[in-house]
Amino acid sequence: RAATMAGGALGLRPPGATARLEAALRLVSRSSAVWAMTLLGGGAVLASLFHLSEAIRRGEELVMPAALFTCAWFFRGLCQGGACYLLETQLLTPSEPTVRQAFKAALRRAPSLFITIGYTVLLTWLTLGLSFLFLAPLMCAFAVTMRGKGHALGVYGACARALGPAKGSALALRVL
């Protein structure tokens, strides 16, 4: 039944990049669970960044604030993975999962999510942030990891395969 629903959902996919972005924003905006997960992870990173910057400003030791920032970044990755699980489940099944179910799913994939986080952060640092523009397939890294597609260290290739012909419009969606 899920395969039938997935096939039907794929047949309803909007044609252009702007229409896809609009459809994605509508889907995300009607799910409070997705907002709860993404805001929770982003808030943790922001709070730890404020703590780290305050420690730098005061000239304090940076070991604990840096460790907290790293932990918050990994927690954000778990939240992103859970949000991807929520959205995919919402698209493919008639019922919306709970935040608790999404966290459990993300925790089951935690090692792969942590490798994906490290991979994307390292790639961003190595390209001086230009991977944001030139490696657009990485924007679906958490969704691909939550699906268990491919090896965690080959996440870029798995993302490119998952996007298929939509790779060209992925950059346009990212810029929008």
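Positions are given from 1 along the sequence.
With sequence neighbours left out, the side chain to side chain contact (heavy atoms under 4.5 Å, CB included) criterion links Ala44 to Ala72, Phe75. For Thr70, the side chain to side chain contact (heavy atoms under 4.5 Å, CB included) partners at least two apart in sequence or on another chain are Phe74. A search for salt bridge (Lys or Arg N to Asp or Glu O under 4.0 Å) contacts involving Arg108 returns nothing, not counting sequence neighbours. With sequence neighbours left out, Ile56 forms a side chain to side chain contact (heavy atoms under 4.5 Å, CB included) with Leu52, Leu62. In terms of the salt bridge (Lys or Arg N to Asp or Glu O under 4.0 Å) criterion, residue partners of Glu54 (sequence neighbours excluded) are, by chain and number, Arg57, Arg58.
Leu87 approaches Val34 most closely through the heavy-atom pair CD2-CG2, 3.6 Å. Between Cys79 and Met37, the shortest heavy-atom contact is CB-O, 3.2 Å. The shortest heavy-atom contact between Ala102 and Gly82 is CB-O, 3.5 Å. Ile117 approaches Thr120 most closely through the heavy-atom pair O-OG1, 3.0 Å.
For the atom pair CZ of Arg109 and SG of Cys84, the computed distance is 12.5 Å after rounding to the nearest 0.5 Å. In this structure, the separation between CD on Gln101 and OH on Tyr85 is 5.5 Å, given to the nearest 0.5 Å. Interatomic distance, OG of Ser112 versus CZ of Phe142, reported as 12.0 Å (0.5 Å rounding). Here CG of Leu113 is found 15.5 Å from OH of Tyr119. Values are rounded to the nearest 0.5 Å. Going from atom OG1 of Thr38 over to atom CZ of Arg76 covers 9.5 Å, rounded to the nearest 0.5 Å.
Tracing side-chain contacts under 4.5 Å through hydrophobic residues (I, L, V, M, F, W, Y), one never reaches Val63 starting from Phe50; they form parts of separate clusters. Linking Ile, Leu, Val, Met, Phe, Trp and Tyr whenever their side-chain heavy atoms come within less than 4.5 Å leaves Leu39 and Leu46 in two separate clusters. Hydrophobic clustering of Ile, Leu, Val, Met, Phe, Trp and Tyr side chains at less than 4.5 Å, counting indirect connections, keeps Phe114 apart from Leu68.
Side-chain atoms of Thr116 and Thr145 include a donor-acceptor pair closer than 3.5 Å.
Side-chain contact between Trp73 and Leu49 is absent, with no heavy-atom pair separated by less than 4.5 Å.
Listed by first then second residue, pairs satisfying salt bridge (charged side-chain N to carboxylate O under 4.0 Å, His left out) with a partner in residues 79-93 read Glu88-Arg147, not counting sequence neighbours.
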